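All figures in this text were calculated on a predicted structure; none of them were measured in a lab. Chain letters run A, B, ... following the sequence lines, proteins first and then strands; every chain starts at 1. As a basis for the values below, the full set of heavy atoms in this structure was taken, side chains included, without hydrogen atoms, waters or symmetry mates.
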2 protein chains.
Amino acid sequence: MALKHTILAFLSRQSLSGYDVAKEFAEGFGSCFWKASQQQVYAELTKLEQQGKVAYEAIPQPGRLDKKIYSITEQGQQELLDWLTQPCEPSAIREDLGVMGLAGHLVSPQVVIREIERRRQLHLETLQQVKKLDEHFAKHRDSLELKDLYMHLIIRRGIRYQEEWVAWCDEALGAITQAVNR
Amino acid sequence: MALKHTILAFLSRQSLSGYDVAKEFAEGFGSCFWKASQQQVYAELTKLEQQGKVAYEAIPQPGRLDKKIYSITEQGQQELLDWLTQPCEPSAIREDLGVMGLAGHLVSPQVVIREIERRRQLHLETLQQVKKLDEHFAKHRDSLELKDLYMHLIIRRGIRYQEEWVAWCDEALGAITQAVNR
DNA sequence: TTGACATATTCAATTTCTTGAGTATACCGT
DNA sequence: ACGGTATACTCAAGAAATTGAATATGTCAA
């Protein structure tokens with residue numbers, strides 16, 4: 001499971017609180033490549049800490065629980081490095097909308113059309129968000145240092161993914177409309 | 001979770017043994033939209049059977065465990081219908097390769113390049129497979145009945161998804177090579 | 001005839017993920 | 001002053017997925 005390694009990767013860039021890591025998953029990286037809930041992040045950080053792969057500095061906060069700033073340790077860095085060096089497999093796709101392809105004929109075409117239109121809209125919105133993440137990188141695309149280039153490329157993947165969804169929705173809507181009016 | 005509904009959707013097309021359902025996940029549909037292990041499928045079928053959403057007919061087989069042919073029940077059909085009528089969310093993306101975008105700078109560009117080339121190859125192979133699934137549908141694209149059109153569109157999504165990956169790999173390889181030689 | 005591959009199902013341990021609640025303060029706008 | 005949102009972390013139950021093994025036969029090719 002790569003949640004562990006994704007967290008280590010975040011911390012290899014900069015030290016962060018659990019809250020901040022969770023926010024990355026929810027906003028930036030999450031909309032491109034990986035989603036994880038806050039609880040998952042906190043649980044994983046606790047585990048990594050017990051394994052000595054990350055360490056935290058507790059920042060006392062008046063009147064509430066300490067804020068914990070996590071950093072990656074030598075050991076964590078090593079773990080991440082080992083993982084990066086190994087080949088990784090394409091992740092499994094699990095897409096609810098796919099069920100429509102199997103059983104869509106059980107409902108009216110209008111239901112299918114409505115659902116696809118809804119999806120189109122959603123992906124369009126996510127696309128705007130992801131594009132914003134890329135703005136800075138895209139501007140200097142040809143002079144980025146590797147670290148930033150990789151980040152740019154991964155965001156590009158996110159952009160292309162969302163664009164692809166929108167394009168497929170258009171294709172599907174066109175084909176279904178045509179078939180219904182036939 | 002849609003595993004349940006995906007199984008119901010398969011069984012709404014035709015009655016199948018657990019083994020056959022699992023094969024669909026591994027081969028056809030699996031490479032497009034959903035992957036599930038054999039154990040998962042068997043476990044889910046048992047649960048669905050207990051809930052009265054599927055029923056099986058046991059086919060005795062000399063010298064080994066009965067083969068069970070599962071069919072969807074009225075109740076299962078209803079469950080599936082209800083689910084299809086509700087809006088569904090885009091599924092979360094969880095892509096190991098994304099970690100490269102965060103921490104790729106920790107390894108040499110050659111490692112990153114090698115990994116992306118490997119991925120390109122994998123997606124190219126899957127693409128060929130998925131295209132085969134579509135052959136029949138693509139030929140009659142403009143005269144498919146809805147049931148088949150939906151299937152075609154879902155396979156099209158799979159095709160586009162794989163093509164998109166290949167295209168991204170090309171973009172990434174180009175950009176990295178250029179940056180390294182700079 | 002041996003070994004690989006396909007058919008067909010079951011069990012069980014463990015890890016991961018989801019869902020939902022609980023605690024507590026700060027800041028901003030209306 | 002109030003509600004909404006953001007910050008910041010914890011706990012726990014239950015569902016889902018992964019990993020790995022066990023059982024047993026049929027078929028096809030080298």
Which side-chain N or O atoms in residues 131-138 of chain A pair as donor and acceptor under 3.5 Å with protein atoms at least two apart or in another chain?
residue, atom, partner, partner atom, Å
Asp134(A), OD1, His152(A), ND1, 2.7

Sequence neighbours left out, cut at 3.5 Å: what donor-acceptor pairs do the side chains of residues 67-82 of chain B make with other protein atoms?
residue, atom, partner, partner atom, Å
Ser71(B), OG, Ser15(B), OG, 3.1
Thr73(B), OG1, Gly52(B), O, 2.7
Thr73(B), OG1, Lys53(B), O, 3.0
Thr73(B), OG1, Gln75(B), N, 3.4
Thr73(B), OG1, Gly76(B), N, 3.1
Gln78(B), NE2, Asp82(B), OD1, 3.2
Glu79(B), OE1, Lys53(B), NZ, 2.9
Glu79(B), OE2, His5(B), NE2, 3.0

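Residue pairs meeting the ring-ring contact (aromatic ring centres under 6.0 Å, His included) criterion with at least one partner in residues 109-133 of chain B, sequence neighbours excluded, are His123(B)-Trp165(B). The stretch residues 8-18 of chain B participates, sequence neighbours left out, in no salt bridge (Lys or Arg N to Asp or Glu O under 4.0 Å) pair at all. Residue pairs meeting the side chain to side chain donor-acceptor pair (under 3.5 Å) criterion with at least one member in residues 171-182 of chain A, sequence neighbours excluded: Glu171(A)-Arg141(B), Glu171(A)-Arg156(B), Glu171(A)-Arg160(B). Among residue pairs with one or both ends in residues 105-116 of chain A, those qualifying as salt bridge (Lys or Arg N to Asp or Glu O under 4.0 Å) are Glu115(A)-Arg118(A); sequence neighbours excluded. The list of ring-ring contact (aromatic ring centres under 6.0 Å, His included) pairs with a residue in residues 89-114 of chain B, not counting sequence neighbours, is empty.
Interface residues of residues 37-57 of chain B facing DNA chain C, ordered by number: Gln38(B), Gln39(B), Tyr42(B); criterion, heavy-atom separation under 4.0 Å. Interface residues of residues 16-28 of chain B facing DNA chain C, ordered by number: Ser17(B), Gly18(B), Tyr19(B), Lys23(B); criterion, heavy-atom separation under 4.0 Å.
When the salt bridge (charged side-chain N to carboxylate O under 4.0 Å, His left out) test is applied to Asp170(A), the partners found at least two apart in sequence or on another chain are Arg120(A). Residues meeting the side chain to side chain donor-acceptor pair (under 3.5 Å) test with Glu95(A), sequence neighbours left out: Arg119(A), Ser91(B).
Annotation: the terminal axes of the helix from dT1(C)-dA30(D) to dT30(C)-dA1(D) meet at 40°, where each axis is the rotation carrying the C1' atoms of four end pairs onto the next four (5 pairs per end, rounded to 10°).
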